[in-house]
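Just below is one structure, and these are the notes that go with it.
Order of the sequence lines fixes the chain letters, A, B, ..., with proteins taken first and strands second; residue numbering starts at 1 for each chain.
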Amino acid sequence: MKLENLTFKGGVNVPHYKELTENLPIEKAKEPAIVKIPLHQHTGAPCEAMVKVGDSVKVGQKIGESEAFVSAPVHSSVSGTVKEIMDMPIPTGLTVKCVVIESDGKNELHELVRPKGKLEDLSSEEIIEIIREAGITGMGGASFPTHVKLSPPSDKKIDTVLINGAECEPYLTADHRVMAEEAEKVIFGLKAIMKALGVDRGVIGVEKNKPDAIKALKEASQGEENISIATLKVKYPQGDEKRLINAILGRVVPSGGLPMDVGAVVSNASTTRAIAEAILEGKPLIERVTTVTGNGIKNPKNLLVKIGTPFKDLIEECGGFTEDSPGKIIAGGPMMGISQFSIDVPIIKGSGGILVLSKEEAKPEPIQPCIRCGKCLEVCPVKLQPLYISSYTLKKNFDKAEEYNALDCVECGACSYICPAKRPLVESIRLAKREILAKRKAK
Amino acid sequence: MDSKAMDTSKAKEVALENMLLVTSSPHIRSNESVQRIMLDVIIALAPAIIGSVYFFGLNALKLILISVASSMVFEAIIQKIFNRPITLDDFSAIITGILIAFNLPADAPWWLPVAGSAFAIIVVKQFFGGLGANFMNPALAARAFLLSSWPSHMASFTGTRPDVVATATPLAIMKYGMGPDTAASATVAAATSASEAAGAELPTLWNMFIGSIPGAIGETSTLLLLIGAAYLLIRKVIDWKIPVFYLGTTFIMLVLLGVEAEFLSYHMLGGGLILGAFFMATDYVTTPVTPVGRIIFGIGAGILTALIRVKGGYPEGVSYSILLMNVATPLIEKFTRPRVFGEVKN
Ligand code: SF4
Ligand code: SF4
């Protein structure tokens, strides 16, 4: 089977603005003076702090953990002293308990950070345990603990592992650079996931606008009979899990279902690299590649940064703001990222980028009445009718919004992006989802 | 750190926080806009406007200008009265004005487009809440209104050139021109054209295609309308589904209803079918947004048009068909909700 130029129905062509950073090699960011490590940066139960103010910690030392299965431990990304443990805002918009550590600049490794042995010698359970211990969560945005994904209930037969290298968010090039520069690690990580799940088919999906990544992955996977590289059409939101599965495998994940319902497990490219490092070096998830970009930034870069580094440090390292900036500071990409109140928030495991828009770019456009052009329906990858869900929501008729399948919305923002009347479509659908879920809970 | 330095750095931070715009995603928008879409429609109508002046003379231009101006004036006045924002800059009133004029005979009196615009803008559009909220196509509703109020003015068609003697439209000739019996059964609205039609000859198909025939000023030139339609399709302003299914169904229905082969092309090229299919049946506001709904809309309008033309009392059925389908649009949409991705059948 030829895996070329695959895609899904619907979606929208968004200019990708990746030229700012797509050819810039990953640079190691300057050592942060302090890091703020949130104890809850994943989907699932928050961690309890394992350290106290005044404790000294080393790189890779576990500082937070939870008993719950759906959770992921957090580790220190520097060596130094714990200064504070307090509630602070993080880029997701929540305020959570963070461990503030002052770095001593020595980067002393914790003794548990050491290679875990050969992949051939590790059992499925051992691999999953290494991943859990390393605190690995999805680094593409949703931050779901990876070890949970790799432990499907026994009635779900998994036959394929997909690596998500679509990176369809405009501006962001973190996954792109990781795949181009560290293709071997991505392939290694994929093999580890395949072994953990006992699966003999792995496919890496990459959008066609990353030819160097595709080439590197093809080279690194030469001789690997079970691994193939699929090229994907450049279309938003190609990187949405269900769109990716549909494009590559032609399977349809049922509404409200998960990839494992159709025999697939999806892992993001950066996450897969983190898995490789957890096995090869014993390194927990304490750093990641983040793209600092946008027209509001003087020198956009792809930086390898320590989890907990404040946004402010990275913005400064990239030359600071341009003249007409900052208009908006966004954690993540322009389509699904979250705009920030402050630049004191730290990089977390799911931070793929910091995007700074200029004031001109951030200017809101006036909202006009819906002209019923139908474009929002055309682009919706889930085939919803955003105009109706939105108009019912604005009338506070959440039952109707639910009837129009508001809960199936993946919040990709394609509808709001395309709307000629600049209506707040996904913005209101998001509200409807919250109301509907709250109501369900109350029942 | 002395306290003064700290103060200024604090102040700087506060200032930054006030400057940052915090809204929910997406943070970028396409350059699609209502203005641009409406402008595209105006551009697409331009060839037919120029053609109308060429074929029907300056009176056509006068009618178009009066119609556009009065549509804009009524829109502004009524929005002022209703205390709504004045939205002339969305260009939609201009389009309504052009389309109303396109439906008039070339020698219509100047006040006819004024009355039409008043009805279209005030009653059909603004009473229902303005652009996006009206459920009937304003221009078509105005045409129906004018036709029932001043039938003689609306149906007296002049030839396009001094040398063209016939003053009945090709469709009227086909409907009534075959003998006195059929003409007698015609309704009042069609009476004028019916009497003129008796005995008149059909124009050549080439003249019909380029538009050198009697008819309403904007609907006669198939060629110029198709140029505009192609522009709209290329710019992705309109969806091909409605016009293609509309025209296709009309053709098939006419065949099924026993229309003779030699008249089929006249039916397809005449009576505003092309104008209706590409410029009125594609009006966003009054047609379904769902893909299947658009197909049903086209098929429905096609069946109605053929039925009215062959079995009904009027020589042409485009406007009434589209208006009827406009009214049915909410219902069509309800039954053609797209199946959500991954929706489980129960
Ligand atoms: S894209 Fe905007 S204007 Fe068009 S139908 Fe959807 S909400 Fe209405
Ligand atoms: S309705 Fe939801 S899923 Fe559909 S385009 Fe809008 S944001 Fe994306």
Practice task
Take A:Gln368 and B:Gln35, measure what side chain to side chain contact (heavy atoms under 4.5 Å, CB included) needs, and give me the verdict at the end.
Solution key: CA-CA 10 Å; A:Gln368 288 173 291; B:Gln35 283 76 0; 3.3 Å; yes
Practice task
Side-chain contact test, heavy atoms from C-beta onward, threshold under 4.5 Å: evaluate it for A:Lys375 versus B:Ile37 and give yes or no.
Solution key: yes
Practice task
Taking all heavy atoms of A:Arg372 and all of B:Val285, pick out the closest pair and write down the distance.
Solution key: NE-O, 2.7 Å
Handout entry: Within 45° cone of A:Tyr388 ring axis and under 6.0 Å: B:Arg337 NZ or CZ
Key = no
Completion exercise
Most heavy-atom pairs under 4.5 Å with chain B, out of A:Pro170, A:Ala414, A:Gly337, A:Ala362, belong to A:Gly337
Completion exercise
Shortest non-hydrogen pair, A:Val252 vs B:Gly342, comes out as CG1-CA, 3.5 Å
Fill in the blank from the handout: The side chain to side chain donor-acceptor pair (under 3.5 Å) partner of B:Ser24 among A:Glu427, A:Arg430, A:Glu411 is A:Arg430
Handout entry: Per-residue contact mode, B:Leu131 against chain A (heavy atom under 4.5 angstrom)
Key = both
Handout entry: Proximal component of A:Tyr17, with respect to chain B [non-hydrogen, under 4.5 Å]
Key = side chain
Problem - Considering all heavy atoms, the nearest B:Tyr284-A:Ile371 contact - result: CB-O, 3.0 Å
Practice task
Flag yes if more than 12 heavy atoms outside B:Lys236 fall under 6.0 Å of its NZ atom; otherwise flag no.
Solution key: no
Exercise for the section: Between chain B and each of A:Gly374, A:Cys376, A:Pro369, A:Cys373, count heavy-atom pairs under 4.5 Å; write down the option with the most. Expected result: A:Cys373
Exercise for the section: Would you confirm whether B:Arg29, through its side chain, and A:Ile418, through its main-chain N or O, come within 3.5 Å as a donor-acceptor pair? Expected result: no
Practice task
Report yes or no: does A:Ser339 contribute a side-chain atom to a donor-acceptor pair with the main-chain N or O of B:Thr23 at less than 3.5 Å?
Solution key: yes
Completion exercise
Given A:Lys242, A:Lys383, A:Lys328, A:Met335, the one with more heavy-atom pairs under 4.5 angstrom with chain B than any other is A:Lys328
Problem - Any B:Ser30 side-chain heavy atom under 4.5 Å of A:Lys422 side chain - result: yes
Problem - Test item: A:Met336 and B:Pro26 side chains (from C-beta on) under 4.5 Å apart, heavy atoms - result: no
Practice task
State, with a plain yes or no, whether a side-chain heavy atom of A:Val426 is found less than 4.5 Å away from one of B:Ser25.
Solution key: no
Problem - When A:Asn246, A:Val382, A:Leu357 are compared by non-hydrogen pairs under 4.5 Å with chain B, the top option - result: A:Val382
Exercise for the section: Quick one: list whatever passes side-chain contact (heavy atoms from CB on, under 4.5 Å) with A:Asn13, sequence neighbours left out. Expected result: A:Lys235
Handout entry: Part of A:Val12 lying under 4.5 Å from any heavy atom of chain B
Key = neither
Problem - Most chain B-contacting option - heavy-atom pairs closer than 4.5 Å, from A:Asp408, A:Leu355, A:Ile330, A:Leu387 - result: A:Ile330
Practice task
Go through the steps for A:Glu365 and B:Ser33 under the test side chain to side chain contact (heavy atoms under 4.5 Å, CB included), then give the verdict.
Solution key: CA-CA 10 Å; A:Glu365 291 180 76; B:Ser33 75; over 6 Å; no
Practice task
Could you look at B:Thr290 and say if it's the side chain, the backbone, both or neither that has a heavy atom under 4.5 Å from chain A?
Solution key: both
Practice task
Would you please test A:Gln385 and B:Val289 for side chain to side chain contact (heavy atoms under 4.5 Å, CB included) and show each step?
Solution key: CA-CA 9 Å; A:Gln385 304 189 59; B:Val289 291; 4.2 Å; yes
Practice task
Begin with the C-alpha distance, continue with both residues' side-chain angles, and end with the deciding distance and a verdict on side chain to side chain contact (heavy atoms under 4.5 Å, CB included) for A:Leu384 and B:Phe341.
Solution key: CA-CA 8 Å; A:Leu384 299 176; B:Phe341 183 91; over 6 Å; no
Problem - Side chains of A:Gln340 and B:Val22 in contact at under 4.5 Å (non-hydrogen atoms) - result: no
Practice task
Check whether B:Pro288 gets within reach of chain A through its side chain, its backbone, both or neither, counting any heavy atom under 4.5 Å.
Solution key: backbone
